[in-house]
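Input: a single structure, listed below in structure tokens.
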Amino acid sequence: MNRKVFIGLGSNLGDRFVEMQAACQLLVVNGCRWVQSSPIFETAPWGLVDQPAFLNAVIQLEFDGSPQELLQIAMEAEKELGRRRLKHWGPRNIDIDILAMGELEITSQRLTVPHPMLSQRAFVLLPWAEIAPKFIVAGQKKSVATLLSELPASELTGIEKTDLFFEPVFEE
């Protein structure tokens, strides 16, 4: 079944843009179909704040496989790009998060969809609202734009749209 998938990308180590572009390429090469990308935003760190600023974006893909297969593709892409998980919410060259897969709701030990913290994260909702403001997040019964509007204004500080963008053509 072909599902509309939204993926959050983030990076705050190395050449952040190159890392995120490579992640897009790996997702497409491994079975996802490219639809679109949000603008790329530079954001202050969230959670663990004593670290470099992030680049963040949300991409929309289509995927025919299971959520577990998509998780495996995302984890393999992170591994191929050299991601090392040293500290929770710590610095990383790449972070690939499954935000939503159509109307699916999944809670397992390895995967929760929609992403359990997306409604608290301006660095996810702001770029996502740029490409799919009317998308209804499963379980929330609210659109991305509504979730964004419910965040305190203070959550939007330290987030700036860049002039960077992903090339729309990826080899499959």
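Quick caveat: nothing in here was measured; it's all calculated off a predicted structure.
The two atoms that bring V124 and L118 nearest to each other are CG1-CB, 4.3 Å, heavy atoms only. C24 and L9 get closest at one heavy-atom pair: SG-CD1, 3.6 Å. For the pair P91 and N12, the tightest heavy-atom approach, listed with the atom from each and the gap, is CA-OD1, 3.3 Å. Pairing each heavy atom of S119 with each of L125, the nearest pair is O-CD1, 3.8 Å. Considering all non-hydrogen atoms of both residues, I159 and F123 come closest at CD1-N, 3.9 Å. Here the shortest heavy-atom pairing between P52 and L13 reads CG-CD2, 4.5 Å.
Residue pairs satisfying the salt bridge (charged side-chain N to carboxylate O under 4.0 Å, His left out) criterion with at least one member in residues 124-133, sequence neighbours excluded, are listed as follows: E130-K161. For residues 10-32, every residue pair satisfying the salt bridge (charged side-chain N to carboxylate O under 4.0 Å, His left out) rule, not counting sequence neighbours, is listed here: R16-E42.
Scanning for side chain to side chain donor-acceptor pair (under 3.5 Å) contacts around Q120 gives an empty result, with sequence neighbours left out. Under the side-chain contact (heavy atoms from CB on, under 4.5 Å) criterion, A44 pairs with no residue at all, not counting sequence neighbours. Annotation: side-chain contact (heavy atoms from CB on, under 4.5 Å) contacts of P45 (sequence neighbours excluded): Q51, F54. For K79, there are no salt bridge (Lys or Arg N to Asp or Glu O under 4.0 Å) partners two or more places apart in sequence or in a different chain. Under the rule for a side chain to side chain donor-acceptor pair (under 3.5 Å), E103 has no partner lying at least two apart in sequence or in another chain. In this structure F135 satisfies the ring-ring contact (aromatic ring centres under 6.0 Å, His included) test together with F6, W128, sequence neighbours excluded. Residues that satisfy the salt bridge (Lys or Arg N to Asp or Glu O under 4.0 Å) test with K142, not counting sequence neighbours, are E150. Qualifying side-chain contact (heavy atoms from CB on, under 4.5 Å) partners for E80, counting only residues two or more places apart in sequence or in other chains: L26. For E62, the side-chain contact (heavy atoms from CB on, under 4.5 Å) criterion is met by N2, R33, V35, not counting sequence neighbours. Take E69 and apply the side chain to side chain donor-acceptor pair (under 3.5 Å) test, not counting sequence neighbours, and it matches S66.
Of the possible donor and acceptor atoms, none in the side chain of S37 sits under 3.5 Å from a partner among the backbone N and O of F166. Of the possible polar contacts, one joining the S143 side chain to the T146 backbone as a donor-acceptor pair under 3.5 Å is found. Under a 3.5 Å cut-off, the side chain of D97 and the backbone N or O of G8 do not form any donor-acceptor pair.
Between Q36 and I59, the closest side-chain pair of non-hydrogen atoms is not below 4.5 Å. Taking 4.5 Å as the limit, every side-chain heavy atom of V58 sits out of range of all side-chain heavy atoms of I7. Residues Q60 and V5 form no side-chain contact, since every pair of their non-hydrogen atoms from C-beta on lies 4.5 Å or further apart. The shortest side-chain heavy-atom distance between R121 and H115 falls under the 4.5 Å cut-off. The shortest side-chain heavy-atom distance between E160 and F41 does not fall under the 4.5 Å cut-off. Side-chain contact between P39 and F165 is absent, with no heavy-atom pair separated by less than 4.5 Å.
Atom-to-atom distance recorded for M20:CE and D95:CG is 10.0 Å, nearest 0.5 angstrom. Remark: L164 CG to Q21 CD distance equals 10.0 Å, nearest 0.5 Å. Interatomic distance, CG of L61 versus CG of L70, reported as 7.5 Å (0.5 Å rounding).
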Could you please spell out the steps behind the side-chain contact (heavy atoms from CB on, under 4.5 Å) verdict for E76 and N30?
CA-CA 10 Å; E76 287 294 322; N30 288 295; over 6 Å; no
Under the criterion side-chain contact (heavy atoms from CB on, under 4.5 Å), I'd like the reasoning laid out for M101 against K4: C-alpha separation, chi angles, the key distance, then a yes or no.
CA-CA 6 Å; M101 286 189 79; K4 183 185 291 189; over 6 Å; no
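Side-chain heavy atoms closer than 4.5 Å link hydrophobic residues (I, L, V, M, F, W, Y) into clusters, and following such links, possibly through other members, connects L147 to L156. Placement of I106 and I136 in two distinct hydrophobic clusters is found when ILVMFWY residues are connected by side-chain heavy-atom separations under 4.5 Å, directly or transitively. Tracing side-chain contacts under 4.5 Å through hydrophobic residues (I, L, V, M, F, W, Y), one never reaches V18 starting from L27; they form parts of separate clusters.
For the residue pair Q68 / Q72, no side-chain donor-acceptor distance below 3.5 Å is found, with atom types taken as modelled. For the residue pair T43 / N56, a side-chain donor-acceptor distance below 3.5 Å is found, with atom types taken as modelled. In the model, T157 has no side-chain atom that pairs as donor or acceptor with a side-chain atom of S154 under 3.5 Å.
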